[in-house]
Amino acid sequence: MSVALLYPIMKTILRSGFDKEEFLGQARISGELLEDAEARLPEQDFERVTELAAAVTGDPLFGLHQGQRVEVADLGILGYVMLHSGTVGQALKAYQTYNVIVCSGFNIDTEVQGDDLLITTSFQSSPLKKPGRHCMEDMVSSVYHLMMKLSCRTIALKELHFAHSAEAGVPLADYMNVMGVQPLFDRPASRMRVPKEVLEYPIVFGDAKLLRTFEAIAEGARQRLLQGRTFTDELYNWLLKLAPASLPGLKEAAQAFQMSARSLQARLQQEQTTYQDLLNQVRRELASGYLAKPEYTIAEIAYLLHFSEPSAFQNAFKRWTGLTPKQYRLASQQDRASAI
């Protein structure tokens, strides 16, 4: 799972007045891990954090409430692909396609049955182990509430099933307050049944141009995860750590990896990329981050990314994303405002 999934939990912990360092210590999670946005953590570690969070907040429905609090930004690039999809159906398809970026163990399956849409959660792990109750309820609740937030419509559940058992002492009325329907437990699968018309609900903030941009970034991230760690990934991460202080040329990179420039180019060619492509990816990622910070002017960003002049940066960014830096900055600001 992506370490980014811990951020919403940590926000809840801090709002509850619990000490961050003490919580991380009890969860056996390094604080340094939270500083690495690309880090992944095992499913059992995430479950341990969720269980501990439920205990320290005294919330027997912690997972369900976390799903209720989820925001588009919490899902990173996946969330932005969903935000700019045309309909809820397309957003759910994006979730199915790119959910591996945030969590490779959980996903959803959709099936139309008559006038209904069944949304079933899938869990890829050992058949001898079921997912923790809080994790599963978080996933179901987050998908449900994201559909409503993206479409700005109330969606009435017709049916709610959970594969796990009911927790002793937790009133079913508490589930109804969050999900609007009384769930059934110990079912073959965890799933929701909603009217199939939900698939056609338009996404209020959808933008086709931005969708293409975010889909390209998401697909690149998905492919890197599916292919495992490659030489391209290793070189990309090396460049990212050096930037923006330095963006080494091909010869410098070859020396750092103790090979000739020709050998480095050949390795990249085998993985269907080039050194210039990697430099552009690093520049694009850094540019996206800097453009989200209003304290940096576009001219300053251009020089930080080692462009000779602002116009060169603007032309390159338009070529990468289809948007000018100014358009991208404005769209990002609008996205953040809409996700609040």
Side-chain angles (χ1 to χ4, degrees), residues 1-59 62-82 98-106 125 131-132 134-139 141-142 146 214 217-218 220-222 224-225 228-229 233-234 236-245 282 285-293 295-296 332 335-336 339-340:
M1 295 184 174
S2 169
V3 72
L5 291 179
L6 292 181
Y7 301 158
I9 294 177
M10 294 310 302
K11 284 193 291 186
T12 300
I13 290 300
L14 293 174
R15 288 170 183 165
S16 300
F18 203 81
D19 182 75
K20 173 185 173 182
E21 299 304 325
E22 183 179 351
F23 178 82
L24 290 175
Q26 290 185 26
R28 304 193 300 278
I29 296 293
S30 168
E32 294 179 357
L33 184 69
L34 295 179
E35 298 174 5
D36 183 0
E38 300 297 319
R40 312 282 288 186
L41 71 159
E43 154 217 328
Q44 60 267 27
D45 288 358
F46 183 77
E47 286 195 12
R48 186 174 64 249
V49 170
T50 308
E51 295 292 335
L52 178 61
V56 301
T57 59
D59 184 359
F62 181 82
L64 208 70
H65 291 140
Q66 277 297 107
Q68 188 177 28
R69 288 186 283 260
V70 71
E71 299 295 344
V72 168
D74 294 333
L75 299 183
I77 190 62
L78 166 61
Y80 289 116
V81 173
M82 295 177 70
Y98 299 117
N99 188 52
V100 67
I101 298 172
V102 294
C103 178
S104 56
F106 291 93
S125 187
H134 290 294
C135 286
M136 184 55 73
E137 292 182 0
D138 184 350
M139 181 180 182
S141 179
S142 65
L146 277 173
F214 289 124
I217 299 172
R222 187 180 79 92
R224 287 196 297 273
L225 284 169
R229 186 166 181 80
D233 295 330
E234 188 177 356
Y236 176 82
N237 290 331
W238 178 75
L239 288 169
L240 201 57
K241 288 179 181 179
L242 292 177
V282 169
E285 182 165 338
L286 291 174
S288 299
Y290 283 128
L291 288 169
K293 300 177 180 180
E295 61 267 29
Y296 290 97
S332 297
D335 286 346
R336 288 195 298 275
I340 295 175

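Reckoned from all heavy atoms, side chains included, excluding hydrogens, waters and symmetry mates.
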Rounded to the nearest 0.5 Å, what separates atom [atom1] in [X] from atom [atom2] in [Y]?
| X | Y | atom1 | atom2 | value |
| --- | --- | --- | --- | --- |
| Leu5 | Cys103 | CG | SG | 6.5 Å |
| Arg222 | Ile77 | CZ | CD1 | 14.0 Å |
| Gln68 | Glu137 | CD | CD | 12.5 Å |
| Phe106 | Ser142 | CZ | OG | 10.0 Å |
| Leu239 | Glu285 | CG | CD | 11.5 Å |
| Leu75 | Met82 | CG | CE | 6.5 Å |

Could you tell me if the side chain of [Y] sits less than 4.5 Å from the side chain of [X], heavy atoms only?
| X | Y | value |
| --- | --- | --- |
| Glu234 | Trp238 | no |
| Asp138 | Leu64 | no |
| Phe62 | Ile9 | yes |
| Leu34 | Lys20 | yes |
| Gln66 | Ser141 | no |
| Thr12 | His65 | no |

*Kindly assign one of parallel, tilted or perpendicular to the pair Phe23 and Phe18, based on the angle between their ring planes and the thresholds 30° and 60°.*
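Phe23 and Phe18: perpendicular rings.
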*Asp45: partners by side chain to side chain donor-acceptor pair (under 3.5 Å), with sequence neighbours left out*: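 Result, side chain to side chain donor-acceptor pair (under 3.5 Å) vs Asp45: Arg48.
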Closest non-hydrogen atom pair between [X] and [Y], with its separation:
| X | Y | result |
| --- | --- | --- |
| Gly31 | Leu24 | CA-CD1, 4.0 Å |
| Ala243 | Leu286 | CB-CD1, 3.3 Å |
| Val72 | Gly79 | CG1-O, 3.1 Å |
| Glu47 | Gly132 | OE2-N, 3.1 Å |

Identify all side-chain donor-acceptor contacts of residues 50-57 below 3.5 Å with residues at least two apart in sequence or on another chain.
unit_1 : atom_1 : unit_2 : atom_2 : d
Thr50  : OG1    : Phe46  : O      : 2.9
Thr57  : OG1    : Ala53  : O      : 2.7
Thr57  : OG1    : Ala54  : O      : 3.4

_Tell me every residue that passes salt bridge (Lys or Arg N to Asp or Glu O under 4.0 Å) with Asp74, counting only those two or more places apart in sequence or in another chain._
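Partners of Asp74 by the salt bridge (Lys or Arg N to Asp or Glu O under 4.0 Å) criterion, ordered by chain and then number, come out as Lys11.
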